[in-house]
K.L.:
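Submitted below is the structure of interest, expressed as structure tokens.
The chain is numbered in sequence order, starting from 1.
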Amino acid sequence: MASSSQKGVVITIPVLVLSVSAAAIFLFFLLSSLSSSPCTCPPSTPDSTFTTTAAVVTGGKVVEEVVDRRISVSRDDIEWVKDQIRANGLRMQDNVLRKGINPRTRAQQLEDLNNFKGISHYEGSEANNHTALPCPGELLVEEHHSNYGEPWGGGRDVFEFLAESSRLTANSRVLEIGCGTLRVGLHFIRYLKPEHFHCLERDELSLMAAFRYELPSQGLLHKRPLIVRGEDMDFAKFGSDVMYDLIYASAVFLHMPDKLVWVGLERLVSRLKPYDGRIFVSHNIKFCSRLGGDECTKRLGSLGLEYLGKHTHDSLLFNHYEIWFEFRRSKA
């Protein structure tokens, strides 16, 4: 009787061990590679937040750094701060004399500063040898923060509306007509790259407050904003090759003759980026509406400007809203 033979593959124990070891090593390197590879998926970011580069100071030099730039607050931000107030059981109290706190008006604070200088200070000839940028007392007690018909904090509201409406990035260039003491401008200067914020301002005291107090105290001297003293809508000192993403005037055209406003617009059109650049004017545009609707549109068109509409923006901190009128350059 013929015996049937069975054929198969015979794997010895040493070969099996080597195969398992090789597979384990391969799997180890594969998992290590996957865990160390950066994810290329875009991060999920809340509204009004995007990743960009910012200019920062390192070792006295301005360098670029990637950061998240939030413009306006989110609902989560508002709920967070409300939660902190509730968690700490806080209630608004009268600002009266209490342990360690001696409330003073700005006038009283200035008087104390002039009479007593400070708890620790230099006397005699040494008084002028230790302060690199001496600042007048009136500015130190921030009297200029009361120069406006609205709270100083409203400057942030203006910045948020204009920056978001114009889709500004750190690379954008901004011109403010009448920046005053930088109630709004400080936020643009902080947000933009160095030298990208320009301003024309006529009031000398406001400019002193900007240069001698606001910029140094906010740590923004390295941003080198171009702030020029001037009037009559003369923009010659800003150069002829700068193209702006945003030009705005907050409550400035109200105090100018209509004729001068039109002169300014004519000079600004060629400095505004076509189509994407924006001009915003606050409060009203009587310089235009006084001409009549059709004549106003015709006059704007002759300059290469197009009226885009009226906007309102609510304040974050107090019962107030801003009114803004938007224009763009309609011809290249």
Side-chain angles (χ1 to χ4, degrees), residues 71 144-145 147-150 152-211 213-215 218 220-221 223-239 242-256 260-261 263-273 276-285 287 305 311 313 322-329:
I71 295 180
H144 57 282
H145 283 195
N147 287 355
Y148 303 90
E150 303 163 4
W152 180 263
R156 178 71 194 186
D157 298 320
V158 175
F159 163 74
E160 289 182 5
F161 168 75
L162 294 176
E164 291 189 332
S165 298
S166 305
R167 301 181 180 276
L168 296 187
T169 69
N171 289 315
S172 300
R173 293 184 180 274
V174 174
L175 170 64
E176 180 175 3
I177 304 169
C179 58
T181 59
L182 299 179
R183 186 175 75 113
V184 179
L186 286 174
H187 303 286
F188 279 106
I189 294 167
R190 186 177 292 111
Y191 181 80
L192 298 170
K193 283 186 174 182
E195 302 179 1
H196 279 218
F197 178 82
H198 294 178
C199 166
L200 181 69
E201 172 57 53
R202 62 177 294 180
D203 185 66
E204 186 174 5
L205 183 58
S206 294
L207 289 170
M208 287 292 284
F211 283 120
Y213 180 76
E214 293 298 339
L215 289 174
Q218 295 294 323
L220 294 174
L221 290 176
K223 287 299 191 82
R224 302 292 195 273
L226 179 56
I227 302 174
V228 174
R229 184 185 181 187
E231 52 187 330
D232 295 336
M233 303 294 267
D234 181 4
F235 305 103
K237 292 183 179 179
F238 296 105
V242 179
M243 297 294 286
Y244 294 105
D245 299 272
L246 169 65
I247 299 171
Y248 71 96
S250 179
V252 173
F253 289 174
L254 305 177
H255 310 293
M256 290 184 182
L260 182 57
V261 175
V263 168
L265 290 175
E266 184 177 2
R267 293 172 178 172
L268 290 171
V269 170
S270 62
R271 298 171 178 268
L272 184 67
K273 287 185 177 179
D276 293 331
R278 292 291 185 268
I279 293 178
F280 278 93
V281 178
S282 74
H283 292 71
N284 65 60
I285 50 172
F287 67 89
L305 287 174
H311 308 273
H313 179 67
E322 292 276 341
I323 301 174
W324 289 94
F325 298 85
E326 180 181 7
F327 305 83
R328 74 170 180 175
R329 182 179 171 185

K.L.:
What do the steps show when you test Val184 against Leu182 for side-chain contact (heavy atoms from CB on, under 4.5 Å), and what is the final call?
P.N.:
CA-CA 5 Å; Val184 179; Leu182 299 179; over 6 Å; no

K.L.:
Got a second to check how far Ser250's OG is from Glu150's CD, nearest 0.5 Å?
P.N.:
7.0 Å

K.L.:
Measure the spacing between CD of Glu164 and CZ of Phe159 and express it to the nearest 0.5 Å.
P.N.:
8.5 Å

K.L.:
Could you go step by step and tell me if Glu214 and His145 meet the side-chain hydrogen bond (donor to acceptor under 3.5 Å, both in side chains) rule?
P.N.:
CA-CA 10 Å; Glu214 293 298 339; His145 283 195; 2.7 Å; yes

K.L.:
Quick one: closest heavy-atom pair of Leu200 and Phe238, and the distance?
P.N.:
N-CZ, 3.9 Å

K.L.:
Minimum heavy-atom separation for Arg267 to Asp232, with atom names?
P.N.:
NH1-O, 3.0 Å

K.L.:
What's the separation between atom CD in Glu326 and atom CD1 in Ile279, rounded to the nearest 0.5 Å?
P.N.:
10.5 Å

K.L.:
Who passes side chain to side chain donor-acceptor pair (under 3.5 Å) against Thr181, sequence neighbours left out?
P.N.:
Tyr148

K.L.:
Heavy atoms, side chains only, cut-off 4.5 Å: are Phe197 and Lys223 in contact?
P.N.:
no

K.L.:
Only one of Tyr244, Phe161, Phe253 forms a ring-ring contact (aromatic ring centres under 6.0 Å, His included) with Phe280, so which one is it?
P.N.:
Phe161

K.L.:
I'd like to check Leu215 versus Ile189 (side-chain heavy atoms, cut-off strictly below 4.5 Å). Are they in contact?
P.N.:
yes

K.L.:
Would you say His144 and Leu205 make side-chain contact, with heavy atoms under 4.5 Å?
P.N.:
no

K.L.:
Quick one: does any side-chain atom of Ser172 pair with a main-chain N or O of Thr169 as donor and acceptor, under 3.5 Å?
P.N.:
yes

K.L.:
For Asn284 and Ile323: C-alpha separation, side-chain torsions, deciding distance, then whether side-chain contact (heavy atoms from CB on, under 4.5 Å) applies.
P.N.:
CA-CA 8 Å; Asn284 65 60; Ile323 301 174; over 6 Å; no

K.L.:
Would you indicate whether the side-chain heavy atoms of Tyr191 and Leu168 approach each other to under 4.5 Å?
P.N.:
yes

K.L.:
Going from NE2 on His311 to NE2 on His313, what distance comes out if it is rounded to the nearest 0.5 angstrom?
P.N.:
12.5 Å

K.L.:
Is there a side-chain contact between Lys193 and Arg224 in this structure, where contact means two heavy atoms from C-beta onward sitting under 4.5 Å apart?
P.N.:
no

K.L.:
Taking all non-hydrogen atoms of both residues into account, name the closest pair between Val261 and Met233 and its distance.
P.N.:
O-CE, 4.5 Å

K.L.:
Tell me, do Phe235 and Leu175 make a side-chain contact under 4.5 Å, heavy atoms counted?
P.N.:
yes

K.L.:
Would you find more than 12 non-hydrogen atoms of other residues, nucleotides or ligands less than 6.0 Å from Asp276 atom CG?
P.N.:
no

K.L.:
For residues 172-206, which residue pairs pass the disulfide bond (SG atoms under 2.5 Å apart) check, not counting sequence neighbours?
P.N.:
Cys179-Cys199

K.L.:
I'd like to know if the side chain of Arg329 and the backbone of Leu272 have a donor-acceptor N/O pair within less than 3.5 Å.
P.N.:
yes

K.L.:
Measuring from Ile247:CD1 to Leu162:CG, what's the distance to the nearest 0.5 Å?
P.N.:
12.5 Å

K.L.:
For a quick check under 3.5 Å, do His198 and Glu176 share a side-chain donor-acceptor pair by atom type?
P.N.:
no

K.L.:
Decide yes or no for Leu246 and Tyr248: does some side-chain heavy atom of the first lie under 4.5 Å from some side-chain heavy atom of the second?
P.N.:
yes

K.L.:
Check the side chains of Gln218 and His187 for a donor-acceptor pair under 3.5 angstrom, ignoring hydrogens and angles.
P.N.:
no

K.L.:
Salt bridge check: are Glu201 and Arg229 linked by an N-O gap of less than 4.0 Å?
P.N.:
no

K.L.:
Quick one: closest heavy-atom pair of Ala210 and Gly180, and the distance?
P.N.:
CB-O, 4.3 Å

K.L.:
Would you please classify the geometry between the Phe327 ring and the Phe287 ring as parallel, tilted or perpendicular, with 30° and 60° separating the classes?
P.N.:
tilted

K.L.:
For a quick test of reading the model, state the closest non-hydrogen atom pair linking Leu192 to His196 and the distance between them.
P.N.:
CD1-O, 3.7 Å

K.L.:
Are more than 12 heavy atoms, taken from residues, nucleotides or ligands other than Glu266, located less than 6.0 Å from that residue's CD atom?
P.N.:
no

K.L.:
Under 4.5 Å between any side-chain heavy atoms of Leu268 and Ile177, yes or no?
P.N.:
yes

K.L.:
Regarding Lys273 and Asp245, does a basic nitrogen lie under 4.0 Å from an acidic carboxylate oxygen?
P.N.:
yes

